[in-house]
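Report on one structure; see the data block that follows.
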Amino acid sequence: MVDLLVIALSTILISNFVLTRFLGICPFLGVSKKLETALGMGLAVTFVMTMASVITYGVQWLLDLYNLGFLRTITFILVIAVLVQFVEMIMKKFTPALYRALGIYLPLITTNCAVLGVAIINVEEHYNFIQSAVSGFSGGISFILAIVLFAGLRERLEFVPLPEAMKGFPIALVTAGLLSMAFLGFSNFNLLALFGL
Amino acid sequence: MNTVIASVMLLSLMGIVFGLGLAVAARKLAVETDPRVDEIEALLPGANCGACGYPGCRGLAEAIAGGSAPVNSCPVTTDCSAIAEVMGVEALACERRVAKVRCIGGKKEAKERFTYVGSKDCFAAHQLAGGPKACEYGCLGLGSCVEACPFSAITINENGLAVVDEEKCTGCGQCVTACPRDLLALLPAGDPVTVYCRNRDKGAAVRKICRVGCIGCGICVKECPTGAITMGNNLAVIDPEKCDQCGRCVAKCPVKVIRGGAAAPLPQASAGNE
């Protein structure tokens, strides 16, 4: 139980996918103009990441069985692409407003490296099935945390008087850098000591 | 060799499983969308101005495809025959509609009660004892509609009347809600026969304060061959559906408040543009 908590906390805070590992920057910058769409994007990514972790665990087991480890990347990408298609269908059916708001960024989850990243990290860390699922889910949560924090900051930045050259993306990138530096504060956090291990 | 066969088999297997899965999901989760919605949306201007009363062009396209809005609902689109074709109905008369100021009693024609020196806002002036103009229905000429117009199509001419430049007007209707006296209305572009007065006082009272105010005499009602004109609250009202632009009322109106048509083009509308 404790190992799962450690995986979750370290994925969310210490090695946050966006702010520490620098994965999934495209949607992080692209869909963070509004808090609402940022949260929707975060939830979609979380779903895809969790499902991808679960399914790629099975795929990796198959690959190991036949000694086909070199097929890892291509099969993982296939799994992720299928999942994104599936999420797109579900969204179109049940939340058309969110579907329209996310626009092009929804199919772009396919190429969101955070999703492929979590699948490959799971394999390299030799996580078991439960650990993979938790790692995928908390990876998604870490994405939500980063993008929602960032969207909140950007919404406030809209009302700040800025020099012309800093408006829009420049100030957004500076803010992202500062946010990432804030998360560096977690880097030496000893979780194992915290739980007395 | 074994590795090659195994990898090909594995990838094909995954492809088949995922392909079938997606095919089933697509069937189960299919969203029934009317293909006409996209076609109509492509034909609309796409400015999302909201003048039609629907949330954006997509909203109107959905309403037209759903049959709850007529094909000529977009006030900006000048030619709706393409939309009518998509819907498979006959094209309705979809003339371009522009805002018109229904008052021609400027400083020269209408009297003033007092000199107004307050803020340049029709609402403020209207609130102040009914406004400086003796006519409580006439154009105050302080430019609230000029402020409201997003296309700079309205100006105040030297006679103190708001004038719409029909070239620039898109028919968005912002000025219609901006006028405290409800003088602006969206009417067909060009110069159709129109009653350019909104005064609902009795004839004698109108004559005292304005040379071009409708006195409610009813001559136009009697003259009209198609029965398009009715008299309500001492004011002539033309039904544009019935009016055939013959111009008899224009010729007979004793105060020359009905103008338009080929017989008597409205002088102000053109004068303001030049």
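Reminder, nothing fancy here: chain letters follow the sequence lines and each chain counts from 1. No hydrogens, no waters, no symmetry mates; every other heavy atom, side chains included, goes into these values.
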Take B/Leu10 and A/Val59, measure what side-chain contact (heavy atoms from CB on, under 4.5 Å) needs, and give me the verdict at the end. CA-CA 10 Å; B/Leu10 187 78; A/Val59 173; 5.8 Å; no
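- A/Leu68 contributes atom CG, which lies 8.5 Å from atom CG of B/Leu11 (distance to the nearest 0.5 angstrom).
- Summarising the geometry of B/Ser7 relative to A/Leu71, their closest heavy-atom pair is CB-CD1, 3.3 Å, with the distance given to 0.1 Å.
- Atom CG of A/Leu4 has more than 12 neighbouring heavy atoms from other residues, nucleotides or ligands inside a 6.0 Å radius.
- Dense packing is recorded around CE of A/Met166, with more than 12 heavy atoms of other residues, nucleotides or ligands lying under 6.0 Å away.
- For B/Leu22, the parts lying near chain A are the backbone and the side chain together; criterion is any non-hydrogen pair under 4.5 Å.
- The distance from atom OG1 of B/Thr3 to atom CZ of A/Phe70, rounded to the nearest 0.5 Å, is 6.0 Å.
- Residue A/Ile90 touches chain B through both its backbone and its side chain, counting heavy-atom pairs closer than 4.5 Å.
- Annotation: A/Phe76, atom CZ; neighbour count of heavy atoms from other residues, nucleotides and ligands within 6.0 Å is above 12.
- Note that NZ of B/Lys28 and NZ of A/Lys93 are 11.0 Å apart. Values are rounded to the nearest 0.5 Å.
- The local environment of OH in A/Tyr66 is sparse, with at most 12 non-hydrogen atoms from other residues, nucleotides or ligands closer than 6.0 Å.
- Surrounding CD1 of A/Ile74 are at most 12 heavy atoms belonging to other residues, nucleotides or ligands under 6.0 Å away.
- Note that the CG atom of A/Leu78 and the CE atom of B/Met14 stand 5.0 Å from one another [nearest 0.5 Å].
- Heavy atoms from other residues, nucleotides or ligands lying under 6.0 Å from CZ of A/Phe86 number 12 at most.
- With a threshold of 4.5 angstrom between heavy atoms, A/Val79 approaches chain B through its backbone and through its side chain.
- Annotation: A/Lys167, atom NZ; neighbour count of heavy atoms from other residues, nucleotides and ligands within 6.0 Å is above 12.
- To the nearest 0.5 Å, atoms CG (A/Leu83) and CZ (B/Phe18) are separated by 7.0 Å.
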